Amino acid sequence: MSTTTINLIDSFQEFKDFKNIDRPTVISVLEEVFRSMLRKKYGTDENCDVIVNPDNGDLEIWRTRKVMEDGFSEDDDLEIELAEVSKLDSTLEVGDDYIEQITLESFGRRAILAARQTLVSKVLELEKDEIFKKYKDRVGEVVTGEVYQVWKKETLVLDDEGNELLMPKTEQIPADYFKKGDSVRAVISKVEMINANPKIIISRTAPEFLQRLFEQEVPEIFDGLITIKKIVREPGERAKVAVESYDDRIDPVGACVGMKGSRIHGIVRELKNENIDVINFTNNISLYITRALSPAKITSIKLDDETKHASVYLKPDQVSLAIGRGGHNIKLAGKLTGYEIDVYREAGEETDEDVDLEEFSDEIDSWIIDELKAIGCDTAKSVLALTVEDLVKRTDLEEETIKEVVQILKSEFE
């Protein structure tokens, strides 16, 4: 047997080790490759049988031709004349079938090499298709993989079968820090074919990731006794999860948090200490907004359903709680409820010394006052209660402007 033939048989042996391809597909690919070799050599393959056994890498090719009287054969590919066949098998008569086995060697070295090439590229193509199909159906599932390479803009993760998954920096929690060999959990967020290569994007910042973690930790969610109505996240900082139960005997918030926070603790750890507020969903909008703004306690609330706008009044010491660090709390409450929320201090709570910002309108531009009011600061003391950094973070104002405003307000109390 020539080495080339052995090569083809080898690639054939490799074939049965391919992990993602099922047997019928393997057989049909092999058969097609050999049939195209037959067509090139004999002009037709319709009178040939190709028998493939991927288990042991065996291959048989049989060719059948009709025995004709001498001088009556019109097509040498389908027919053979008696004079020729009697040299090969003297028992055959006109009208019989002459069946011969075709060896691989008879195709010649170049044809075999070309076939091997075709075989390998077809297999790779199939593998890619299989990976694409497999992952296309798994979008939204959590996958665990091993970090293989970390680049500036993305991280390459391998799943347990060695398939490549990509996690862009934008899909990582700011506090995530990975090095080669780390195990990582993420949700499959997008699967697409780019230049015939499957590209699988995984994410740790998607709301679905948090949802899957809840399903893993809270059996009642997995069993459908508790429904997650909506999740909003500021990855690594804060998340709000609205849950609802159709069974009055189940307290959805309690079930999600667990005894002494046991269930939620694992999720918080996985998300690098992201603060998770679990709240009871309700169709009563003002109650929903009140719950969404937790941990702040609200005194009263005014709704404008047309413009989807809510004005919330709180005691002065609750305002910064409602807004939250970096404004995350109020921003997420707005996303969760679908209402734009403005926070105001409750009138009548002020001590005599505090002064309304409007009274500084001769020294401070009105648009600056509006900016401050938008974040719930409507009196001098409420502005002074926040640091300059905080004010810069929450408003669209320049640091210089804020420092001037603070100076003006301070002088009022000196």
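Just so we're clear, the structure is a prediction, and the values are computed from it rather than from any experiment.
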Q: I'd like to know if the side chain of E371 reaches the main chain of D396, judged simply by a donor and an acceptor atom lying under 3.5 Å from each other, with no hydrogens or angles considered.
A: yes

Q: Would you give the length of the straight line joining atom OG1 of T337 to atom CG of L287, rounded to the nearest 0.5 angstrom?
A: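 Reported value, rounded in 0.5 Å steps: 12.0 Å.
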
Q: Does the pair Q149 and E164 meet the rule for a side-chain contact (heavy atoms from CB on, under 4.5 Å), with working shown?
A: CA-CA 10 Å; Q149 214 163 352; E164 298 188 350; over 6 Å; no

Q: Would one find more than 12 heavy atoms of other residues, nucleotides or ligands at under 6.0 Å from atom NE2 of H265?
A: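 Count not over threshold, so no.
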
Q: Between K128 and E125, does a salt bridge (Lys or Arg N to Asp or Glu O under 4.0 Å) hold up when you go through it step by step?
A: CA-CA 5 Å; K128 288 172 179 173; E125 212 171 288; over 6 Å; no

Q: In plain terms, say whether D317 and K315 are close enough for a salt bridge, that is, a side-chain N and a carboxylate O under 4.0 Å apart.
A: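 Here D317 does not pair with K315 in a salt bridge, since their nearest N and O are not under 4.0 Å apart.
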
Q: Is it the case that Y42 and D76 place a side-chain donor and acceptor less than 3.5 Å from each other?
A: no

Q: Honestly, is K66 close enough over Y98, meaning NZ or CZ under 6.0 Å from the six-membered ring centre and within 45° of the axis?
A: no

Q: Run the salt bridge (Lys or Arg N to Asp or Glu O under 4.0 Å) test on D182 and K179 for me, step by step, so that the C-alpha distance in whole Å, both residues' side-chain angles and the decisive distance to 0.1 Å come before the verdict.
A: CA-CA 6 Å; D182 284 352; K179 48 189 196 307; 3.7 Å; yes

Q: Please identify each residue that fulfils salt bridge (charged side-chain N to carboxylate O under 4.0 Å, His left out) with K199, with sequence neighbours left out.
A: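 K199 satisfies salt bridge (charged side-chain N to carboxylate O under 4.0 Å, His left out) with no residue once adjacent residues are dropped.
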
Q: Just by distance, with hydrogens left out, do T155 and Q172 show a side-chain donor and acceptor under 3.5 Å apart?
A: yes

Q: Compare all side-chain heavy atoms of R238 with those of D277 and state whether any distance is below 4.5 angstrom.
A: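 The answer is yes, as the side chains (C-beta and beyond) meet within the 4.5 Å cut-off.
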
Q: Should the pair K230 and F281 be classed as cation-pi, given the thresholds of under 6.0 Å to the six-membered ring centre and 45° from the axis?
A: no

Q: Would you say that R345 contacts Y313 through its side chain, given a criterion of any heavy-atom pair below 4.5 Å between the two side chains?
A: no

Q: Mark yes or no for whether N329, through its side chain, and A322, through its backbone, hold a donor-acceptor pair below 3.5 Å.
A: yes

Q: Report the C-alpha distance between Y246 and T227 in whole Å, list the side-chain angles of each, state the deciding distance to 0.1 Å, and finish with yes or no for side-chain contact (heavy atoms from CB on, under 4.5 Å).
A: CA-CA 8 Å; Y246 298 111; T227 312; 3.2 Å; yes

Q: Do S382 and V319 come close enough that some side-chain heavy atom pair is under 4.5 Å?
A: no

Q: Looking at every heavy atom in both A310 and L303, which two are closest together, and how far apart are they?
A: CB-CD2, 3.6 Å

Q: May I ask you to test the K169-W151 pair for a side-chain heavy-atom distance under 4.5 Å?
A: no

Q: Test F107 against L38 for side-chain contact (heavy atoms from CB on, under 4.5 Å), laying out the working first.
A: CA-CA 8 Å; F107 288 106; L38 287 165; 3.6 Å; yes

Q: Run E220 and S245 through side-chain contact (heavy atoms from CB on, under 4.5 Å) and show every step you take.
A: CA-CA 9 Å; E220 291 86 341; S245 158; over 6 Å; no

Q: Would you say the side-chain atoms of N47 pair up with the backbone N or O of T64, donor to acceptor, closer than 3.5 Å?
A: yes

Q: Taking atom CD of Q101 as the centre, report whether more than 12 heavy atoms of other residues, nucleotides or ligands fall under 6.0 Å from it.
A: yes

Q: Are K331 and E237 close enough for a salt bridge, meaning some N to O gap below 4.0 Å?
A: no

Q: Please answer whether the main-chain N or O of W367 pairs with a side-chain N or O of D365 as donor and acceptor at a distance below 3.5 Å.
A: no

Q: For K134 and N163, work out which heavy atoms get closest and say how close.
A: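 Nearest pair, atom of K134 first, then N163: NZ-ND2, 3.9 Å.
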
Q: May I ask you to check whether T91 and D89 show a side-chain donor-acceptor distance below 3.5 Å?
A: yes

Q: Is there a donor-acceptor pair under 3.5 Å between the side chain of R263 and the backbone N or O of F214?
A: no

Q: Identify the heavy atoms of A239 and L210 that sit nearest to each other, and give their distance.
A: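 Answer, listing the atom of A239 first, then L210: CB-CD2, 3.7 Å.
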
Q: Is a side-chain donor-acceptor pair under 3.5 Å present for D159 with Y135?
A: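 There is such a pair between these side chains.
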
Q: Tell me whether S203 contacts the main-chain N or O of T205 through its side chain, where contact means a donor paired with an acceptor under 3.5 Å.
A: yes

Q: Flag the pair T401 / T395 as yes when at least one side-chain heavy-atom distance between them is below 4.5 Å, and no otherwise.
A: no

Q: Atom CD of E208 and atom CD1 of I228: how far apart are they, to the nearest 0.5 Å?
A: 11.0 Å

Q: Is there a side-chain contact between Y288 and L336, using heavy atoms and a 4.5 Å cut-off?
A: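 Yes. Closest side-chain heavy atoms under 4.5 Å.
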
Q: To the nearest 0.5 Å, what is the distance between OG1 (T299) and CD (E346)?
A: 4.0 Å

Q: Strictly distance-based, threshold 3.5 Å: is any side-chain N or O of D49 a donor or acceptor partner for the main-chain N or O of W62?
A: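 Looks like no, no N/O pair under 3.5 Å.
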
Q: Compare every heavy atom of C377 with every heavy atom of V383, then report the nearest pair and how far apart it is.
A: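 Closest heavy-atom pair between V383 and C377: CG2-CB, 3.7 Å.
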
Q: Looking at R233 and I173, what are the two nearest heavy atoms and their distance?
A: NH2-CD1, 3.9 Å

Q: Could you please spell out the steps behind the salt bridge (Lys or Arg N to Asp or Glu O under 4.0 Å) verdict for E171 and K190?
A: CA-CA 11 Å; E171 303 300 321; K190 198 160 100 193; over 6 Å; no

Q: Show your working on salt bridge (Lys or Arg N to Asp or Glu O under 4.0 Å) between R212 and E215 and close with a plain yes or no.
A: CA-CA 5 Å; R212 295 293 165 268; E215 287 166 6; 3.1 Å; yes

Q: Are any of the side-chain heavy atoms of L391 and L372 separated by less than 4.5 Å?
A: yes

Q: Side chain of R394, backbone of A374: donor and acceptor closer than 3.5 Å?
A: no

Q: So, taking the atom named NZ in K403 and the one named NZ in K410, what distance separates them when rounded to the nearest 0.5 Å?
A: 11.0 Å

Q: Distance from I375 atom CD1 to I330 atom CD1, nearest 0.5 Å?
A: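 Reported to 0.5 Å precision, the distance equals 9.5 Å.
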
Q: Between I188 and R138, which heavy-atom pair has the shortest distance, and what is it?
A: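 For I188 and R138, the tightest heavy-atom pair comes out as CD1-O, 3.6 Å.
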
Q: Considering the options E100, E79, E81, which one meets the side-chain hydrogen bond (donor to acceptor under 3.5 Å, both in side chains) requirement together with R65?
A: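 By the side-chain hydrogen bond (donor to acceptor under 3.5 Å, both in side chains) criterion, R65 pairs with just one of E100, E79, E81: E100.
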
Q: Please round to the nearest 0.5 Å and tell me the distance separating atom OG of S286 and atom OH of Y339.
A: 9.5 Å

Q: Ignoring hydrogens and angles, tell me if any N or O in the side chain of K373 forms a donor-acceptor pair with the backbone of D342 under 3.5 Å.
A: no

Q: Evaluate the side-chain proximity of V241 to I279: yes if any heavy-atom separation is below 4.5 Å, no if none is.
A: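 A side-chain contact is absent here, since even the closest heavy-atom pair is not under 4.5 Å.
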
Q: Does the R35 side chain pair with the main chain of D45, one donor and one acceptor, at a distance under 3.5 Å?
A: yes

